[in-house]
Amino acid sequence: VQLQASGGGLVQPGGSLRLSCAASGSIFNGYVMGWYRQAPEKQREWVAGVTSAGTTNYADSVLGRFTISRDNAKNTVYLQMSSLKPEDTAVYYCNRVPARSQYWGQGTQVTVSS
């Protein structure tokens, strides 16, 4: 069972994108969900997390620019990304926090470039 992220694309610096990730209830319900990213030639890193009650936290690199949220009725987690920078270019993934290896999907590519 994998989690499939969607919503990526090519955007200019300063632009916005909204990513989505739908999961089965067994993966989603009651667990902290998060977004991760992996830039070329770099290790995958945690970006943001949200508890089932809606408490959020963020990596310093995205604080104030990204917003994570979840819809428990739809078993879906979102990542609203604003003020995007070239260094945000990466493949973005969703998973639990901490991540479970069996849930990694293919991710969605976000490219920030003029």
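Computed from a predicted model, the values in this text were never measured in an experiment.
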- Item | Pair Thr111, Gln109: side-chain N/O donor-acceptor within cut-off below 3.5 Å | yes
- Item | Euclidean distance, Tyr58 OH relative to Leu63 CG, rounded to 0.5 Å | 8.0 Å
- May I ask you to check if Arg96 and Tyr31 form a cation-pi contact, with NZ or CZ under 6.0 angstrom from the six-membered ring centre and within 45° of the axis? yes
- Task: Can you establish whether the number of heavy atoms outside Gln106 located under 6.0 Å from its atom CD is more than 12?
- Result: no
- Message: Would you compute the distance between atom CG of Leu79 and atom OG1 of Thr67 and round it to the nearest 0.5 angstrom?
- Response: 8.0 Å
- For the atom pair CG (Leu19) and CZ (Phe66), what is the distance rounded to the nearest 0.5 Å? 8.0 Å
- Query: For the side chain of Asn72 and the backbone of Ser52, is there at least one donor-acceptor N/O pair under 3.5 Å apart?
  - Reply: yes
- Query: What's the spacing between Tyr78 OH and Cys94 SG if we round to 0.5 Å?
  - Reply: 12.0 Å
- Task: State, without any angle test, whether Tyr36 and Arg44 hold a side-chain donor-acceptor pair at a distance under 3.5 Å.
- Result: no
- Message: Within the structure provided, determine whether Asn95 and Trp35 are in side-chain contact (heavy-atom separation under 4.5 Å).
- Response: no
- Main-chain N/O of Val112 paired to Thr89 side chain as donor or acceptor, under 3.5 Å: yes
- Task: Fit a plane to each ring of Trp104 and Tyr93, take the angle between them on a 0 to 90° scale, and name the class: parallel (under 30°), tilted (30 to 60°) or perpendicular (over 60°).
- Result: perpendicular
- Kindly say whether Ser26 contributes a backbone atom to a donor-acceptor pair with the side chain of Asn29 at under 3.5 angstrom? no
- Minimum side-chain heavy-atom gap Val110-Leu17 below 4.5 Å: yes
- Query: For the atom pair CD1 (Ile68) and OG1 (Thr55), what is the distance rounded to the nearest 0.5 Å?
  - Reply: 11.5 Å
- Any side-chain heavy-atom pair of Ile27 and Arg100 under 4.5 Å: no
- Beyond-backbone contact of Thr108 with Val91, side-chain heavy atoms, under 4.5 angstrom: no
- Donor-acceptor pair, side chain of Arg70 and main chain of Phe28, under 3.5 angstrom: yes
- Query: Measuring from Gln80:CD to Ser16:OG, what's the distance to the nearest 0.5 Å?
  - Reply: 6.0 Å
- Item | For Pro13 against Ser113, the heavy-atom pair lying closest together | CD-C, 3.6 Å
- Do Glu45 and Arg37 have side-chain heavy atoms sitting under 4.5 Å apart? yes
- Query: Side-chain heavy atoms under 4.5 angstrom apart, residues restricted to Ile, Leu, Val, Met, Phe, Trp, Tyr: same cluster for Val11 and Val47?
  - Reply: yes
- Closest heavy-atom pair and its distance - Leu3, Ala22: CD2-O, 4.0 Å
